[in-house]
Amino acid sequence: PRPVVWEGMHKELITNLGGPSRVAGLIATLGVRVTPRQVVMWSAREVSWRYRPVVAEVARQLDVELPQRFLGYDLGRKI
């Protein structure tokens with residue numbers, strides 16, 4: 001079964017990481033290509049499972065808490 005996604009938690013994460021353009025730029029430094037438009041869509045819906053590990057790495061680098069169960073399991077909200 002698909003985990004429950006709480007409304008707004010991914011939007012808040014993207015805001016805490018600096019917004020769509022900054023998130024896309026930070027992800028690019030990790031060698032993954034995404035556009036700010038994709039990141040905006042993640043804000044409206046949820047971060048695609050394909051990109052969650054790289055978003056988690058960006059959050060780790062910036063010391064930003066992840067939403068609970070962001071990677072499918074509880075990390076104590078911080079990695």
Side-chain angles (χ1 to χ4, degrees):
R2 190 172 182 189
V4 173
V5 176
W6 301 105
E7 186 176 330
M9 89 175 161
H10 291 221
K11 181 177 183 174
E12 182 179 344
L13 172 62
I14 290 166
T15 298
N16 292 342
L17 293 173
S21 293
R22 183 167 186 226
V23 171
L26 292 167
I27 289 172
T29 67
L30 299 173
V32 178
R33 186 173 176 193
V34 297
T35 66
R37 181 178 170 96
Q38 283 176 280
V39 180
V40 168
M41 295 306 293
W42 298 343
S43 293
R45 297 183 181 134
E46 65 179 45
V47 177
S48 167
W49 283 99
R50 175 181 177 185
Y51 296 104
R52 287 188 190 197
V54 85
V55 171
E57 175 59 20
V58 167
R60 186 194 66 76
Q61 290 177 3
L62 298 177
D63 197 30
V64 172
E65 288 187 20
L66 291 172
Q68 193 170 12
R69 297 188 172 277
F70 182 76
L71 293 172
Y73 49 88
D74 192 356
L75 294 172
R77 295 186 55 94
K78 202 169 193 179
I79 61 169

Applied to residues 22-46, the ring pair (Phe, Tyr, Trp, His ring centres under 6.0 Å) test, sequence neighbours excluded, yields W42-Y51
In terms of heavy-atom contacts, P53 and L71 come closest through N-CD2, 3.9 Å
Show the atom names and distances, to 0.1 Å, of all donor-acceptor pairs under 3.5 Å that link a side chain in residues 16-29 to residues at least two apart or in another chain.
| from | atom 1 | to | atom 2 | distance (Å) |
| --- | --- | --- | --- | --- |
| N16 | ND2 | E12 | O | 3.4 |
| R22 | NH1 | L17 | O | 3.3 |
| T29 | OG1 | L26 | O | 2.5 |

Quiz item: Under 4.5 Å between side-chain heavy atoms, hopping through other hydrophobics if needed: is there a path connecting V34 to M41?
Solution: no
| When clusters are formed by joining ILVMFWY residues with side-chain heavy atoms under 4.5 Å apart, either directly or through shared neighbours, do W49 and V40 land in the same one? | no
Rounded to the nearest 0.5 angstrom, the CE-CD1 distance for M9 and I14 is 11.0 Å
| field | Pairing of R52 and E46 as salt bridge, 4.0 angstrom limit | value | yes
- Can you find a heavy atom in the side chain of V55 that is under 4.5 Å from one in the side chain of H10? no
